[in-house]
Structures are given as structure tokens and as C-alpha cells.
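Quick note: numbers below take in every heavy atom, side chains included, and nothing from hydrogens, waters or symmetry partners. Order of the sequence lines sets the chain letters (A, B, ...), proteins ahead of strands, with each chain counted from 1.
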Protein chains: 2
Amino acid sequence: MPTPPTPPTARPLTPAARRVLDSAHELFYTRGINTVGMDLLAEHAGITKKTIYDRFGSKDALVVAYLSERDRRWRAYLNGRLAPLPDARARVLATYDALGEWLAGHGRRGCAMVNACAELPDPEHPGRRVAREQKEWTRGLYRDLAAGTGAADPGPLGDALLMLHEGATVAFTVLGATDSAATARRAADALLPSS
Amino acid sequence: MPTPPTPPTARPLTPAARRVLDSAHELFYTRGINTVGMDLLAEHAGITKKTIYDRFGSKDALVVAYLSERDRRWRAYLNGRLAPLPDARARVLATYDALGEWLAGHGRRGCAMVNACAELPDPEHPGRRVAREQKEWTRGLYRDLAAGTGAADPGPLGDALLMLHEGATVAFTVLGATDSAATARRAADALLPSS
DNA sequence: GGATAACCACACCGGTCGGTATAATCGGGG
DNA sequence: CCCCGATTATACCGACCGGTGTGGTTATCC
């Protein structure tokens, strides 16, 4: 036995596993999960297919590792952007600034979580759980911020802020609306209780 | 030569072609484009693979036909829902009612156009053009309606209404937020000029 | 009655899919 | 020194991928 199929996100990745995961971030995101085979992935990472299967166990497990790391990075990115800001209102608006910069730096491939849901038809696929948890976290963030602005009904307001966020991503990706995040920000500003 | 690869959306479909397209609507939508092979499609339609290729020429062309018909149906559905309504404000709100009913009737697979963009990594794929045109049409509709409500800045307002629409679809699909369309409707109502 | 279009059955193509098997090599720690 | 984990190289597996070729049946229209 080489090594058990690696538990969830256990001990630090071996160098080869790290390179595989880096390649997954690049290839799965830009070309889609289903159109990238394990042979291509191995070649891109400069690594043997055998090593991938020794480290991750299966393509599905690698997909989950890829999505989980995306999620972790997203939370860290957003938290880092919001932390220095003084109040909830500024933080809400800053989420759209952060989104706009993120979109501008990642060519029109949209949200990896939404894309994964499109590519993984099985509702029980563990990758869809990761996607759902990422959206749940973001929704919770917006609801908390909405509550912090003193809104009368923070739940639905937070949900609406999330929808503007997701909708701006779609508009940018499908439509090429480069100012979508700024437009969402203005709409969010109008929805928040008047300052 | 059997028949040229059938121009865009020319003359009425033959019975076999109709069945293939119906199967495409069901299988491509629920299982994704890339995970449905031509053999499965032929079997599901009760038709020979040869016939599919005689009618449509290639899988890519079939995908385009599938997406184009979705687009046509979507426009007809929405136009039908809005036509009887008296004014622009009522029509805007009705789009979210129509979306909510549509989502409730199609199990958590989201927008076929957004999904297609996730599944077709090539930006030049003709299927992505169809997706973009569908979103452009919907954006135009929202902008026109926004202008009809007498809004000061109908362009950005229409875009925000579109984002609520797309965001509600994502929230429903990924998060399972069954009331997402109703929440989007309330937010849209707050964004429209006070009646 | 002959041409034409639509369809069927079936066999076949090279390539790629996710995944496995075998064996060798390398480096570090006990 | 020897073992062990990580990695390499290479060959292989059955299944499926998108797509084609051949030949025959049926119905319709001129």
C-alpha cells in the first residue's frame, strides 16, 4: 500500500502534490474540470499520473481538494480586505471593490464554485458540498454586515447583497460587463439604510 | 452526400431531429453537455447516431441548436408573462415572479446559458455567443423597463435588476434558497423609484 | 416508376478517459 | 546500513469519446 487516499485536508502536501494542486487551480479553472484529463494534468505539473493517484486517490478527490483550497483562499482574501475598515457599511461596499479587482485579474471564467455545480451533475458529489458551503459562508457574511448597518430586516437584505455579488460575477463573465462590480456596489449602497 | 450540415435554424426539424433536440434539452440540461455522449443521446432519443450527424453535423452544432431553442423559449415565456401587465413597474416585479416559478419547476440546475459558459472553455465557441446574446437581451429588457419606470439612471438600474435576477438563480441553485426570487423581487422594489 | 429524403442497423475508426501494475531510483532518518 | 516514503518511467486496462462508412428500408412526390 502506497499511502491511504489522503484524508480530507490533512498534513502538509508533498512537493509533487503541491505542484499537482497548483496545476489543478490553473487548468480546472480556465478549461473546466471535465475537459481536463489526468494525463494533461500530470504533464502540466511535470509529474507522473501514478503520483497523483498516490497522493489524491481519485480525480473526484482532487477536485474536492482544488475547490476547498479555492474556498479557503477566497475567505482569506475577503477577510483581509474587510478587516481594516471601520464599519459595516464600508465593509459591505468594499466587498464589491474586492470582487471587481478579483474579476479584473481572472479572465472571464466566473466563479469556480458555480462552474463546478454546472460540471458536476450528481447532487451528491462532494464538490457540490464545498460550493454550497462557500456560498453559505458568503451569505452569512453579508447577513452579519447587513445587521451591522442597523437594517430593519438584515436577513433578506444580506441575501440581496449576495445576489448582487453573484449577479455581478455572471454579468462580468457572460456579458463582459467590466463595470459590473461597480454597478452592484451602487445598487448595494441604495439598498442599505440611509446613512 | 446526405444533407449539408443544416444551416443555422433553417427549415422545420424532421421528426427524428425533433426527438434528438428534445433529448438534448433533457440530458444536456440535467447532466451537463460534456458528460452526455452522443451514444447516450442517440439511445435516449430512440435514434441512430448516424441520423444525429446527418441532421446536425456535429456535437457542437447540436449544442448551439439546443441553446438557441432555450433562448427562444425563454424570451417567449417572459414576454408572455409581461404582456398583460399595465406598467413598467409591475413588469419588473413580474420578472421575478416568473423566475421564481421557473426555478421551482426545474430542479436546481440553474441557468443553461451560464452552465454552458462553464462547460465550454473556448471563448470562441458559438455556444457562448448564444449565451451572451441571451443575457444581452435580458439586460436590454431590464434597461427598457427601468427607463419606463421613470428612473433617473435607467442603465445602471437595469443592470442591477439583471444582477438580482442572475444572483437569485445562483442562490437557488447552489444554496437551495427556495425564496431567492421573492427576495430579489423585494430588493428590486426598493431600487425602483418610489411609486 | 424512378428519384429523393429520412431513417435504420451495424460495424468501424483513432484517440482519450479514469485508473492500475510493475519496477526502479533517490534521499533522509533510525 | 538499511529501510521507507516520495517519486520516476513505462506499459497497460476496458470503456467511452466524437465521428464515419456501407448498405438497406420506407414513404412521398413528380
Suppose we screen for side-chain hydrogen bond (donor to acceptor under 3.5 Å, both in side chains). Which residues come up paired with B:D122, at least two apart in sequence or across chains?
none
Taking NZ, NE, NH1 and NH2 as the nitrogens, is one of them in A:R185 or A:D189 under 4.0 Å from a carboxylate oxygen of the other?
no
Once you round it to whole Å, what is the distance between P of C:dT4 and CG of B:D54?
17 Å
Going by the ring-ring contact (aromatic ring centres under 6.0 Å, His included) test, which pairs reach into residues 156-186 of chain A, not counting sequence neighbours?
A:W74-A:H165, A:Y142-A:H165
Might you list the N or O atoms of the protein lying below 3.5 Å from N or O atoms in nucleotides 14-23 of chain C, with each pair's distance?
unit_1, atom_1, unit_2, atom_2, d
C:dG18, OP1, A:K59, NZ, 2.4
C:dG18, OP2, A:M38, N, 2.8
C:dG19, OP2, A:Y53, OH, 3.0
C:dG19, OP2, A:K59, N, 2.8
C:dG19, N7, A:K49, NZ, 2.8
C:dG19, O6, A:K49, NZ, 2.1

With a 4.0 Å limit, can you tell me whether B:T51 has a side-chain N or O closer than that to the phosphate oxygens OP1/OP2 of C:dC8?
yes
For atom CD of B:E43 and atom P of C:dA9, their distance in whole Å
12 Å
From CZ of A:R19 over to C1' of D:dT7, roughly how many Å is that when rounded to an integer?
9 Å
Can a cation-pi geometry be assigned to B:R70 and B:Y29, taking NZ or CZ under 6.0 Å from the six-membered ring centre and within 45° of the ring axis?
yes
Under-4.0 Å side-chain N/O to phosphate OP1/OP2 contact, A:R55 with D:dT7:
yes
Which atom of B:R108 lies closest to which atom of B:V174, heavy atoms considered:
NH2-O, 3.5 Å
Would you say B:T14 places a side-chain N or O within less than 4.0 Å of OP1 or OP2 belonging to C:dA5?
no
In this structure, how many angstroms lie between the P atom of D:dG18 and the CG atom of B:L41, rounded?
9 Å
Taking every heavy atom of B:L67 against every heavy atom of B:A112, the minimum-distance pair comes out as CD2-O, 4.1 Å
For A:F56 and D:dT7, give me the distance from atom CZ to atom C1', rounded to whole Å.
14 Å
To the nearest Å, give me how far apart CD1 (A:I52) and C1' (D:dT8) are.
13 Å
